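Report on the following structure.
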Amino acid sequence: MAGSTEMASLEESFRKFAIYGDTKATGQEMNGKNWAKLCKDCKVTDGKSVTGTDVDIVFSKVKGKTARVINYEEFKKALEELAPKRFKDKSKEEAYEAICQLVAGKEPINVGVTKAKTVGAVERLTDTSKYTGSHKERFDESGKGKGKSGRENIVDTSGYVSAYKNAGTYDAKVKK
């Protein structure tokens, strides 16, 4: 029906969607969730003639009775089932060609995936130059942490009170 290069790119799309979101997937079988994602991402579902329900029904029809996944041959059969519904004005072969062109060469898209960014409060909280009080003592001028000396109170054993201005001058005043 379709050209060999188009079939190769169709199979490549099948494999990419089959492994999407599953680290243990081999790319030989596709589950229902990934089949629905393929139909949505490749614009097979249009909301009018082909809906998400139609996609699920076709998946259940082509898979084995007790199976939870479809292989590449069943995938092609599922596309054949959806083709006349999606392209009503075309013949069965032309509709299958058109649906293959929709799917061929496509890969899963990450729409609505949250990306981490450091703006606003996060940026302010991670900027060590804006730290005050005891937290400021934990970092040097460049923003690098001081390690243990920044976390612990190191006891001054000189014998003077911490705020005494003339510390270390006693020996100079008292001459022996």
Side-chain angles (χ1 to χ4, degrees), residues 1-131 135 138-139 142-145 147 151:
M1 284 187 181
S4 61
T5 57
E6 190 176 306
M7 278 297 164
S9 64
L10 184 69
E11 190 168 358
E12 185 64 29
S13 291
F14 170 80
R15 293 196 192 298
K16 284 180 181 174
F17 276 95
I19 62 171
Y20 180 77
D22 188 5
T23 54
K24 295 185 275 306
T26 60
Q28 303 297 320
E29 297 173 324
M30 181 184 288
N31 61 22
K33 178 180 68 87
N34 289 4
W35 162 249
K37 180 164 180 55
L38 177 137
C39 291
K40 186 177 172 223
D41 287 359
C42 296
K43 310 260 189 294
V44 173
T45 54
D46 58 359
K48 293 179 183 74
S49 57
V50 178
T51 62
T53 308
D54 296 326
V55 168
D56 292 338
I57 290 169
V58 167
F59 182 82
S60 297
K61 192 189 276 186
V62 297
K63 73 176 178 60
K65 198 167 190 94
T66 58
R68 305 181 118 219
V69 292
I70 58 172
N71 59 26
Y72 182 63
E73 294 305 314
E74 291 168 328
F75 167 74
K76 288 197 291 189
K77 210 176 292 173
L79 287 179
E80 277 182 53
E81 291 274 336
L82 281 178
K85 271 186 120 111
R86 177 70 165 85
F87 300 101
K88 289 184 172 128
D89 55 338
K90 297 182 178 178
S91 70
K92 200 167 188 173
E93 288 78 24
E94 288 176 330
Y96 181 67
E97 286 280 335
I99 208 164
C100 285
Q101 286 174 356
L102 283 178
V103 175
K106 298 281 192 330
E107 48 186 72
I109 51 176
N110 296 329
V111 176
V113 176
T114 308
K115 293 187 174 49
K117 46 185 169 177
T118 56
V119 292
V122 176
E123 193 173 300
R124 189 181 76 245
L125 292 171
T126 56
D127 185 3
T128 57
S129 67
K130 294 186 172 117
Y131 288 177
H135 302 291
R138 295 182 60 192
F139 301 92
S142 67
K144 188 169 177 353
R151 288 191 302 275

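All of these numbers come straight from a predicted model, not from anything done at the bench.
Cation-pi contact between K37 and F17: absent, since separation from the ring centre below 6.0 Å together with deviation from the ring axis within 45° is not met.
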Evaluate R86 against L102 for side-chain contact (heavy atoms from CB on, under 4.5 Å), listing each step before the verdict. CA-CA 11 Å; R86 177 70 165 85; L102 283 178; 4.3 Å; yes
Where do L82 and C39 land on the side-chain contact (heavy atoms from CB on, under 4.5 Å) test, with the steps shown first? CA-CA 10 Å; L82 281 178; C39 291; 4.1 Å; yes
For side-chain contact (heavy atoms from CB on, under 4.5 Å), just list the numbers for F87 and S49, CA-CA rounded to whole Å, side-chain angles, deciding distance to a tenth of an Å, and then say yes or no. CA-CA 9 Å; F87 300 101; S49 57; over 6 Å; no
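Heavy atoms only, all atoms of each residue included: W35 and A78 are closest at CH2-CB, 3.6 Å. Minimum interatomic distance between P84 and A95 (heavy atoms only, all atoms of both residues): N-CB, 4.1 Å.
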Would you give me the side-chain donor-acceptor pairs under 3.5 Å for residues 56-65, sequence neighbours excluded?
unit_1	atom_1	unit_2	atom_2	d
S60	OG	D56	O	3.2
K61	NZ	E81	OE1	3.3
K63	NZ	A67	O	3.1

Only distances under 3.5 Å count here; give the side-chain donor-acceptor pairs of residues 23-32 to other protein atoms, sequence neighbours excluded, each with its distance to 0.1 Å.
unit_1	atom_1	unit_2	atom_2	d
T26	OG1	Q28	N	3.3
N31	OD1	K33	N	3.4
N31	OD1	N34	N	2.8

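Residues satisfying the side chain to side chain donor-acceptor pair (under 3.5 Å) test with D22, not counting sequence neighbours, are none. Partners of K85 by salt bridge (Lys or Arg N to Asp or Glu O under 4.0 Å), not counting sequence neighbours, listed by chain and number: D54. Remark: K16 engages E107 in a side chain to side chain donor-acceptor pair (under 3.5 Å) (not counting sequence neighbours). Every residue two or more places apart in sequence or in another chain that forms a ring-ring contact (aromatic ring centres under 6.0 Å, His included) with F14 is listed here: Y72, F75. Residues passing the side chain to side chain donor-acceptor pair (under 3.5 Å) test with E74, sequence neighbours excluded: none. For S13, the side chain to side chain contact (heavy atoms under 4.5 Å, CB included) criterion is met by V103, K106, not counting sequence neighbours. Here E11 pairs with R15 under the side chain to side chain donor-acceptor pair (under 3.5 Å) rule; sequence neighbours left out.
Between atom NZ of residue K90 and atom CD1 of residue I99 there is a gap of 10.5 Å, rounded to the nearest 0.5 Å. In this structure, the separation between CG on L79 and CD on E97 is 12.0 Å, given to the nearest 0.5 Å. Rounding to the nearest 0.5 angstrom, the gap separating the CG atom in D46 from the OG1 atom in T51 is 9.0 Å.
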